[in-house]
There are 2 protein chains.
Amino acid sequence: MVRRKTRQGDVIRQVFEDEARPLSPAEVLSLSRKVITTLGQATVYRAIKQMVGDGLLIPVVVGGTTRYERAEMDHHHHFHCQSCDKTFDLPGCVENISKLVPEAWKILTHELTFFGMCQACNGEA
Amino acid sequence: MVRRKTRQGDVIRQVFEDEARPLSPAEVLSLSRKVITTLGQATVYRAIKQMVGDGLLIPVVVGGTTRYERAEMDHHHHFHCQSCDKTFDLPGCVENISKLVPEAWKILTHELTFFGMCQACNGEA
DNA sequence: CTTGTTGCAAAGCTTTTGCACAATC
DNA sequence: GATTGTGCAAAAGCTTTGCAACAAG
C-alpha cells in the first residue's frame, strides 16, 4: 500500500497549513471546494482518517464537534468562540495541572478548552 | 405546560443520582432499562433535553461523546478512562488557568479533561 | 376530561463504505 | 498496466420528530 500524491490530498493538506487551527470535516470540505469544486465529502473524510493514521493530524473534540489539527504542534490548548463557532489555538500550558488526578490513576494526556468570544467577535459586540 | 411526574422520568433522574458521574444517553438508557425494560430511547433523549432546559443537567463533551451531569455540582473537571470508557469527576481546579487566554478575549467558561486509565483499570493492567 | 408523556417508527445529520471509474507511479 | 484514490450514492450510527395511544392531575 504505497501512498500516492493527488491533487485532492494536496489541497486538503494545504487547507490545514493555511488555516492553522483545528478544522471540522465540514470546514475542510468547504475550504477545499474553493479550489476543487467537485471534491467529494467522502474524500475529505478518507484523507483526514489517513492523515490521523499517519500521525499528521490529531483529533480534538471541541464544542460537540470533532475537529482535526496538525500533530506537529507543541503541546497547547484551545479557545472556542461561541459566536463565530471557530476554534483557536492557545500556546502554553498550566503548572501543576496533574495535581487534580489521584496518584493511582494513569494520565496519558489532557485537554483544556476555554469557551467565550474571540477578539474579533468581542470587538463587534 | 405543567411538568408531570412519571415513572420514566423518576427512573432517569434516579440514574443520574446513583451514578454520580457524567452519563451518555446510551448509558442512561441501558441503566434505566434495568428498571423499566420497555423504556424507549426517545424518552431518554427527551427527558435529558428537558432536564437540560430546566437547568438540572449540563452537557459535557468528553472523548467524542456528549454526556450529561447534574448541574448542582461545584466547578470541577473530568477524567476519561480509555479502557472502560467511563468519565469521572475530579473536584477542584487550577490556579492562573486564564493566563493562557489573551486579554481581549472574553472567557465564559472552561473545561479540562484528562485521559488515561482509572484506578480500577490501571490495577488490572 | 384535558393535556403532557410514552413508545414506535420514520426522518435528519454526520460519518463510513461499496463500487465503478479515473489517476498515479 | 497494476493499484491506489475519487466521487457518487447507499448504508450505518446517533439524535430528533410525528403521531396515536396512554396516563397524570
Side-chain angles (χ1 to χ4, degrees), chain A residues 1-16 19 21-69 80 85-87, chain B residues 1-16 19 22-69 80 82 85-87:
Chain A
M1 173 64 140
V2 179
R3 199 118 303 166
R4 289 180 185 174
K5 179 173 155 62
T6 67
R7 200 157 90 87
Q8 287 83 346
D10 288 346
V11 169
I12 291 168
R13 246 169 280 122
Q14 189 62 47
V15 163
F16 278 103
E19 292 299 311
R21 59 184 179 84
L23 299 175
S24 67
E27 285 176 315
V28 174
L29 181 64
S30 160
L31 291 164
S32 301
R33 277 191 170 161
K34 291 180 180 172
V35 184
I36 306 179
T37 46
T38 59
L39 185 70
Q41 56 167 18
T43 301
V44 169
Y45 279 100
R46 279 188 282 233
I48 288 174
K49 176 170 274 191
Q50 201 175 70
M51 291 170 78
V52 171
D54 290 349
L56 299 176
L57 292 182
I58 53 173
V60 293
V61 183
V62 175
T65 315
T66 303
R67 293 159 197 266
Y68 299 85
E69 72 177 341
H80 184 75
D85 203 41
K86 285 181 184 169
T87 299
Chain B
M1 172 65 140
V2 179
R3 197 119 303 165
R4 288 180 185 175
K5 180 172 155 61
T6 67
R7 200 157 88 86
Q8 287 83 345
D10 288 346
V11 169
I12 291 168
R13 246 168 280 121
Q14 190 61 48
V15 163
F16 278 103
E19 292 297 312
L23 299 175
S24 66
E27 285 175 315
V28 175
L29 180 63
S30 160
L31 290 163
S32 300
R33 278 192 169 160
K34 292 180 180 171
V35 183
I36 306 178
T37 45
T38 58
L39 184 69
Q41 56 168 15
T43 301
V44 170
Y45 280 100
R46 280 188 281 233
I48 288 174
K49 175 170 275 191
Q50 200 175 71
M51 292 171 77
V52 171
D54 290 349
L56 299 176
L57 292 182
I58 53 172
V60 292
V61 183
V62 175
T65 314
T66 302
R67 293 158 196 268
Y68 299 85
E69 72 177 342
H80 183 76
Q82 296 180 327
D85 203 41
K86 286 181 183 169
T87 298

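In what follows, chains are A, B, ... by sequence order, proteins preceding strands, each numbered from 1.
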Counting distance alone, no hydrogens or angles: does the base of C:dG18 have a donor or acceptor under 3.5 Å from a partner atom on the side chain of A:Arg46? yes
Heavy-atom check, side chain of B:Leu23 versus side chain of B:Tyr68, under 4.5 Å: no
Could you check if a side-chain atom of A:Pro25 sits within less than 4.5 angstrom of a side-chain atom of A:Ile48, using non-hydrogen atoms only? yes
With the side chain defined as heavy atoms from C-beta on, B:Lys49 is closest, among D:dT16, C:dT17, C:dT5, to D:dT16
What is the distance from atom CD of B:Glu69 to atom CG of B:Leu56, rounded to the nearest 0.5 Å? 13.0 Å
Measure CG/A:Asp10 against C1'/D:dT6 and give the value in whole Å, please. 14 Å
Proximity to the side chain of A:Ala42 - top-ranked nucleotide from D:dG5, C:dT6, D:dA9: D:dA9
Using whole Å, what does the distance between atom C1' of nucleotide C:dT6 and atom CZ of B:Arg3 come to? 15 Å
Could you state the OH-P distance from A:Tyr45 to D:dC8, rounded to the nearest angstrom? 16 Å
How many Å lie between CD1 on B:Ile36 and P on D:dA23, as a whole number? 12 Å
From the options C:dT24, C:dG7, C:dT5, select the nucleotide whose nearest atom is closest to the side chain of B:Met1. C:dT5
What's the spacing between A:Lys86 NZ and A:Glu27 CD if we round to 0.5 Å? 8.0 Å
Starting at CD of B:Gln41 and ending at C1' of C:dA9, how long is that distance when rounded to a whole Å? 10 Å
May I ask you to verify if any side-chain N or O of B:Thr6 is less than 4.0 angstrom from the OP1 or OP2 atom of C:dT5? no
Compare side-chain N and O positions of B:Gln50 against OP1 and OP2 of C:dT5 and report whether any pair is under 4.0 Å apart. yes
Check the distance between D:dG7's P and A:Ile12's CD1 and give it to me in whole angstrom. 8 Å
Rounded to the nearest Å, what distance is computed from the OH atom of residue B:Tyr68 to the P atom of nucleotide D:dC14? 14 Å
Upstream residue (5' side of DNA chain D) when A:Lys5 and B:Arg4 are each assigned their closest nucleotide: A:Lys5
Which nucleotide sits closest to the side chain of B:Gln8: D:dC8, C:dT6, C:dT5? C:dT6
Whole-Å gap separating C1' (C:dT14) and CZ (A:Arg67): 14 Å
Identify, between A:Thr65 and B:Ala47, the residue whose nearest nucleotide on DNA chain C lies closer to the 5' end. B:Ala47
If every non-hydrogen atom of A:Leu39 is compared with every non-hydrogen atom of A:Ser32, which pair is closest and at what distance? CD2-CB, 3.4 Å
Students often get this wrong, so: under 4.0 angstrom with heavy atoms, is B:Thr38 touching a base, only sugar-phosphate, or nothing? sugar-phosphate
